[in-house]
Every structure is written in C-alpha cells, then in structure tokens.
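This report concerns only the one structure given below.
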Amino acid sequence: MFQYVRVTQRTVSTYCRICEPLCGMIATVEDGRLISLRPDDEHPLSQGYACPKGLAFPEVQHDPDRVLHPLRRVAGGALGEFEQVSWDEALDDIAVRLRALLDTHGGGTVGQFFGNPVGFNITGTLWAGALMTALGTGHQYSVGSQDINSRYVASKLLYGSISQVPFPDLRGTDLLLVLGANPLVSRASGVRAPRVKEHLSAIVAGGGRVVVVDPRRSETAKAFEHVSIEPDGDAFLLASLIQVVAEEGLVDQEAIDRQSVGAETLLAAVAPFTPEATVARTGIDPDVVRSLARDLAAAPRAAVYGRTGTCLGEHATLVSVLIDALALLTGNLDREGGVLLGQAVVPFEETAEKAGRLGYDTRRSRIGGFPDVMDTWPAAIMADEITTPGEGQLRALFVLAGNPVLSSVDGPGLAAALEQLDLMVALDLYVNETNRHADYVLPATTWLEREDVPFAIVASSPWPHVQHTPAVLEPAGEARAEWEVFDEIARRAGISLFLPSWAAAVTRPLRTLARRAGVRVTPWTLVDLLLRTGPHGDRFGLRRGGLSLKRLRAERHGVMLPPARGGRLAEVVRHPHGKVDLAPAQLAAEWDRLRSALEVEADPAYPLRMIGLREMRSQNSWMHNSPTLMKGRNRRHAARIHPEDAAQAGVADGDAVRLTSAVGAIETTALLTDEVRRGTIACPHGWGHAAGWTVANAAGGANTNELASARVEDVEFLAGMARLNGIPVRLESAVGAVG
Ligand code: SF4
C-alpha cells in the first residue's frame with residue numbers, strides 16, 4: 001500500500017550576503033527546508049553569476065556544528081563547554097547581570113564588537129547601535145580597524161564626509177590603476193560589481209588598460225598588467241606618482257582650482273619623494289613610475305582604485321588620501337570614466353553624520369588616546385581596555401557575528417582578556433575562537449533567515465541597484481533575529497531602547513502614530529522612513545516611482561536606480577569651504593613619518609615582509625567549516641614563499657615553516673611560488689581554528705594575525721588600523737610536516 005506524501009516546493013528570489021557584490025540567488029525550498037541555491041539569471045547585476053562560496057552556503061545553513069539553541073557556559077567547566085538553556089533563562093540572566101553592571105559601574109563599561117557580516121544585516125546593525133546608544137558607551141569595536149576604517153577617515157579629511165567611499169567607474173575608463181586589491185578573487189570591495197572580471201576585460205577590449213600594483217602576481221595581476229611593488233610600498237609609490245605629475249607640469253590646474261584647497265601644500269609635501277628617492281621602498285624602476293604617472297595624466301579618463309591592501313599598511317589613511325588626490329590632480333575625480341562619489345539609498349550613515357553622530361574624533365579612547373571612527377575605537381586596544389583598571393574599564397561585551405581572536409591582532413592576548421569580563425554575550429552561527437570565552441552564545445539567523453535590504457554597499461557602484469529580500473526560511477532551531485534579541489535584553493534590563501537622537505527625530509511622527517495605533521516600532525519603521533526620505537525615495541507620494549519599503553517588497557529582482565554620474569562633489573563635500581581638502585592638518589605628522597621612513601633600513605632580524613591574500617573559497621574566519629569549500633588544496637593553509645627566499649632558509653615546497661615577527665610566531669606550510677616577489681611572504685588570514693567547528697578545526701593552519709602587533713605605538717593612529725600589511729618576519733624551517 002503506497003502512501004502519498006504531499007511535498008511543497010517553492011523558489012524564492014534573494015541575494016547573497018557573504019560579500020559586497022550581493023549576487024542574486026534563487027533558493028529552492030521544500031517543506032520549509034533549503035534544497036539548493038543557484039545564481040539568479042534574471043538579476044540585473046550578477047546575471048547568473050555566483051561564486052563557490054555563495055553556492056556552498058547551504059552547507060552553512062545545514063551545518064551540524066551550527067548553534068541552534070541558547071548556550072550557557074558551564075560553571076567551572078572547561079573552556080568552550082556549554083549547556084543548552086531556554087531563551088527565557090538566558091535573557092533573564094543576561095538582563096539581571098547587565099542591570100547590575102549598569103547600576104554599579106554605568107553604561108560606559110559595556111561594549112560591543114561587530115564583525116563583517118553585520119554590514120549585511122540592516123536590522124541587527126540598527127538595534128545593536130540603538131542599545132549601545134542607550135547605554136551611552138564609547139566601547140564599540142569592529143572589524144573595520146582591520147579592514148576599511150582608514151578609507152573612511154581619508155574621506156572625512158578630504159571631503160568632510162566619513163561614509164563616502166569613492167569608487168572607480170568601471171563602465172569606460174581608459175586606464176584603471178588598481179592598488180592592493182585582487183578583484184578577480186575578492187569579487188571587488190568598495191565597489192559593487194558582481195561580474196567584475198567582465199568589466200575589467202571590457203576596459204581592455206575597449207582599448208584601455210588595467211594596471212595592477214601588488215607584491216604578488218595575483219589572479220588579477222596575471223590577467224592584466226602587473227607592476228610588482230615592495231610590501232607596504234603604496235604610500236611611497238603614490239607620493240612619487242604625484243611628484244612626477246607635478247614636476248612635469250601634468251596636473252589639471254582647472255580641476256585643482258575648481259575642486260580643491262591645499263594643493264600647494266600637498267605638492268610641497270611630495271617634492272622629496274622622487275621615484276629615485278622611493279625606489280628602495282617601492283622596488284619599482286623610476287622609469288616605470290614616471291611612465292605610469294605620464295600615462296595617468298595623459299589618459300582621457302583614468303581611475304585610481306585601492307582596497308584592503310592599501311588600507312592595512314603603516315600609512316593607511318595617508319594612502320587612501322593619496323589615491324583620491326592622484327585622481328583629482330589628474331582631473332579624474334567626480335567624473336564619468338574616472339573616480340565617482342556614491343549616493344546612499346538607505347542613507348542612515350549620512351543622516352546620522354549630518355546630525356553629529358557616526359563621525360570622527362568625537363571622543364578619544366582611554367588606551368592610546370585614539371580618535372573614534374564612526375563611533376568605534378581600534379579593536380587592537382580592546383584587550384587592554386578590558387584589563388586596565390580605572391574609570392571606564394570595559395567590563396561587559398556583546399559580540400555580534402565577530403571573531404576578533406582570529407581577525408584582530410594579538411589573539412592570544414585578547415582571548416586571555418575576555419576571561420576577565422564580568423559578562424560576555426555573543427550572537428553567532430558557531431561557537432568560534434572568540435565566543436567560546438562567552439557566558440552565553442545565542443543562536444543568530446543566517447542571511448537566508450531574515451528579511452533584509454542592503455545599505456552602505458549599494459552606494460559605491462556604477463550601476464546602483466537595491467533589492468529587498470524576504471526571509472527565505474524560518475530560523476532554524478531556536479535562532480532569532482539579532483534585533484529582536486537586543487530589543488528583548490533591553491526590555492528585560494529596564495533599558496529604554498530609544499533610537500539614536502537623529503533617528504528619533506526623523507521617526508518621531510511615525511512612532512507617535514504607531515503608538516496610538518498600538519503598532520510596535522521596529523527597525524523596519526526606520527528603514528522605510530530613510531528609504532522614502534532618501535535621495536531616491538517616494539517622499540510619501542510626492543515623487544512618483546520613488547522608493548519605499550512597500551515598493552521594494554514588490555520588486556522581485558530589485559530596482560535599478562539612475563546610473564552613477566559625475567558632478568556630485570558639491571553634494572558630498574561638507575567642509576565649510578565646499579572643496580576637497582588636499583592638506584588636512586591631521587596629515588602633517590603623517591608626512592613627517594613618511595619622510596623618515598624613506599631612510600629606514602630593514603631589520604636584519606626580520607628580513608622578509610608578510611602580506612595577506614584572499615582565497616576564492618575562503619571568507620575571513622567563518623566559512624572554513626564547509627566541506628565543499630575545504631576540498632582539495634583549499635583545505636590547507638599555506639605561506640606563499642619565493643623559491644630563492646625558501647632556498648636561503650633551507651625550506652622546500654610543502655615543508656613546515658615557522659614565521660616569526662617581533663611579537664609572535666606561527667607555523668604553517670610552505671608553498672613555493674615566484675608569484676610573490678623576493679622578500680615577500682603572502683598568507684591568508686582567518687585560519688588556525690580551535691573551537692566548535694569540525695571541518696575547520698581539522699584543517700589546521702595558523703592565525704597570521706598573531707604576527708601583528710597590538711602595541712599602541714604600532715597601530716596607525718589616525719584610523720586605529722592594525723598593521724596587517726608588510727609585517728617584518730623571519731622564515732625558518734620547522735621540524736616535521738604540518739597537517
Ligand atoms: S561573490 Fe560569492 S560570496 Fe560574494 S555575494 Fe556573490 S555569490 Fe556571494
């Protein structure tokens with residue numbers, strides 16, 4: 001006797017939220033369970049493209065190691081030993097302990113750290129921020145100080161607008177200069193372009209050039225023109241390019257006069273940085289530098305683009321300033337085919353900034369006196385903020401989708417410091433190397449389990465596009481949307497989770513109406529308001545065809561917005577003089593440091609320099625538990641070493657090697673390749689797992705950030721950037737094979 005079971009299957013259009021392209025995806029769901037993810041052929045930007053990470057995401061969704069219930073650390077148990085508890089038990093205890101802390105020590109002793117995935121979770125971002133605002137704390141830390149904060153600070157100094165991320169116009173430039181980025185693998189960051197390889201190839205097909213400056217012959221460098229540079233040599237190269245353009249009278253004086261102030265000061269600052277003077281730091285033949293400078297100046301349209309590699313060096317903020325300065329001086333800033341300035345779609349960062357929030361240097365940290373960058377301090381000082389007694393000592397920490405023990409510097413020091421906290425609560429998909437030190441690990445949603453719209457990322461694209469997605473799946477197990485968890489903790493702890501003042505002001509009418517109607521105010525109240533009042537909004541019916549949440553919810557593949565254009569500088573610049581400041585006072589000390597660095601000799605104890613790299617099947621520290629992504633050679637962490645450097649150290653391909661810096665040492669596997677220039681070692685970050693993941697733990701590898709310094713004097717001051725690019729190291733053979 002057969003029994004027929006009715007199976008319900010549906011497909012849902014959504015978009016991937018692992019990285020910045022936000023590729024369109026079609027999810028197939030059967031009886032509430034995800035069956036597959038495939039690229040969305042009809043998506044206007046990704047047009048049927050998705051990378052291996054996005055396609056492997058069902059393995060994260062269904063991962064048996066995933067945290068699906070609230071976990072409480074077992075009292076007196078081993079590190080990482082948790083027991084399942086109910087949501088009520090967890091939330092009540094967290095609220096009671098938080099309340100006690102607030103009453104005894106004040107809200108300024110509570111903090112949060114948020115990781116990269118938070119940038120793809122608008123509701124979690126808004127409500128975590130609302131809780132921190134309610135507490136009145138300065139203790140906010142993020143992955144930004146290991147990633148992009150130097151870019152933000154450069155924008156603050158240049159434009160007076162911290163959330164602005166200028167991007168190259170990939171639609172038709174004649175010369176694209178790429179520094180410290182490998183878009184063929186990273187799929188581009190700081191510019192949204194899902195089919196980036198095609199766009200770069202189209203530049204060449206149209207008679208243009210793509211020149212990639214990198215110490216490693218990266219995948220992008222192999223596909224286009226490569227200029228090999230010494231690790232962390234970008235500041236010197238950019239200064240030399242500007243020096244040549246100025247010396248040879250190739251600057252666009254009309255653009256300089258129209259767009260900027262401070263050009264004379266800048267040109268005086270670069271004067272000592274001739275290509276001959278910088279050759280020891282760039283490793284680039286002065287003739288090549290001169291030729292590149294002339295080509296940039298002569299190109300009808302040229303764009304200069306730098307990303308992660310340029311954001312993590314010793315002079316990180318200055319490098320980002322020089323990238324935009326070079327574009328401006330050659331007449332390529334704020335023009336099509338050059339470098340463009342973006343326009344946010346859900347402009348909460350801009351709105352906050354205009355209201356005096358999410359700014360720069362509004363307060364200084366206790367440790368090191370670092371300026372805040374969009375309300376965050378450098379993650380490098382977090383351990384010392386926990387362990388240093390005194391007023392404002394960090395005593396409780398919320399960690400949202402973050403793993404700073406692997407992603408920040410001095411992971412072992414931070415891990416030890418976390419044990420001293422009075423309360424640590426994490427919301428995450430996994431028990432990771434950081435939150436295994438927590439009192440509670442609460443089950444968070446995957447991006448398939450929550451409604452979303454993208455925010456900051458969509459502004460930086462030649463093809464602005466915004467897409468709403470419904471939650472594709474019900475949260476697995478007992479997972480809950482992060483914003484609801486923050487809402488509930490606040491309620492139980494008796495904290496009035498008021499919105500930030502800027503948000504409170506703009507939402508007041510709606511909140512009043514909602515209260516009268518008995519409707520709960522959620523992050524979506526705010527998102528809708530920002531959408532409707534934003535640059536593309538419907539202005540509550542005053543602008544036909546404008547954006548609203550209702551409209552986005554009805555558009556399956558999102559909405560294409562008017563193409564990015566030039567001529568937006570006046571809207572973007574917030575300096576009183578209305579122009580780009582090429583010589584902000586904050587950079588004076590940086591120029592001194594750069595001039596001094598011309599003379600610095602390499603320390604013979606650490607003769608090599610380590611840089612990072614992105615692998616196609618890896619995403620920071622959180623996707624190493626996918627069996628598909630960890631297949632074959634991807635399963636092993638390796639240091640790319642030039643064969644001659646390896647021979648000098650007595651190292652053969654596949655050997656176990658030890659890398660030692662002034663602050664730490666790691667062991668990994670040698671991968672000999674002349675991809676890297678002599679003197680350079682390239683290692684991916686985010687490895688060295690030892691927590692609640694089966695596949696990732698088994699993969700071994702090392703946490704390269706243990707080689708980076710957390711000492712205050714080693715952290716780039718202006719943006720609090722950890723120095724992760726160009727770390728001086730020594731290479732030695734290690735006994736026995738790794739893995
Ligand atoms: S490039 Fe890959 S990981 Fe990034 S959004 Fe697209 S599919 Fe997702």
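We count ligands from 1, going down the list as the structure has it; atoms in each ligand are counted the same way. Excluded from the calculations below are hydrogen atoms, water molecules and symmetry mates; all remaining heavy atoms, backbone and side chain alike, are included.
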Open item on the list: Any salt bridge linking Arg565 with Asp169? Criterion: basic side-chain nitrogen under 4.0 Å from a carboxylate oxygen.
Closed with: no

Open item on the list: If I only include protein atoms of type N, O or S, how many are less than 2.8 Å from atom 4 (Fe) of ligand 1?
Closed with: 1

Open item on the list: The test is side chain to side chain donor-acceptor pair (under 3.5 Å); show your working for Gln146 and His685 and say whether it passes.
Closed with: CA-CA 11 Å; Gln146 293 83 253; His685 67 283; over 6 Å; no

Task: Test: Glu449 and Arg66 ion pair at under 4.0 Å - done: yes

- [ ] Check the pair Asp214 / Lys222 against salt bridge (charged side-chain N to carboxylate O under 4.0 Å, His left out), numbers first and verdict last.
- [x] CA-CA 11 Å; Asp214 202 304; Lys222 280 178 198 156; over 6 Å; no

Task: Thr123: partners by side-chain contact (heavy atoms from CB on, under 4.5 Å), with sequence neighbours left out - done: Asn121, Trp483, Pro523, Trp524

Open item on the list: Would you say the ring centers of Trp687 and His624 fall short of 6.0 Å from each other?
Closed with: yes

